[in-house]
Amino acid sequence: MTEFSSSRRRLIFNSAAWIGGIAAVAAATKSAGAAMQQVDVPAQSPLGIAIANHCKVSSADHNAIRAQLMAELAANPSLTTLSEQCPICGCPIIVSR
């Protein structure tokens, strides 16, 4: 009978561990999803103006990088998206099919 009690105790302990692990993963997934939100920022607000003025590089520089990325996409049909960081201002430039 002690072997049965030991097995039962181990089963209960392992079940509790699994339930706790699943709950921890579910909580982490929920908070990770909440971290990614899209927010509309009015253009005339201080934050909107700061975002608009973040990149002072001429659009010709970004267009040249974008054209290079589009040529790479055209050359390799297995790619769907390419991105590169502007070496001057650090803005991400993303192109996709």
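- Other members of the cluster containing Trp18 do not exist, because no ILVMFWY side chain is joined to it at under 4.5 Å.
- Atom CD1 of Ile93 and atom CG of Asn63 lie 8.5 Å apart (nearest 0.5 Å).
- One distance of note links CG of Asn14 with CZ of Arg10; it measures 8.0 Å at 0.5 Å rounding.
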Taking only distance into account, with no hydrogens and no angle test, what donor-acceptor pairs under 3.5 Å do side-chain atoms of residues 81-89 form with protein atoms, sequence neighbours excluded?
from, atom 1, to, atom 2, distance (Å)
Gln85, NE2, Gly90, O, 3.1

Report, one line per pair, each donor and acceptor closer than 3.5 Å where one atom sits in a side chain of residues 45-52; sequence neighbours left out.
from, atom 1, to, atom 2, distance (Å)
Ser45, OG, Pro42, O, 2.8
Ser45, OG, Gly48, N, 3.1

Hey, can you pull the donor-acceptor pairs under 3.5 Å for the side chains in residues 68-77, sequence neighbours left out?
from, atom 1, to, atom 2, distance (Å)
Asn76, OD1, Ser78, N, 3.2
Asn76, OD1, Ser78, OG, 2.7

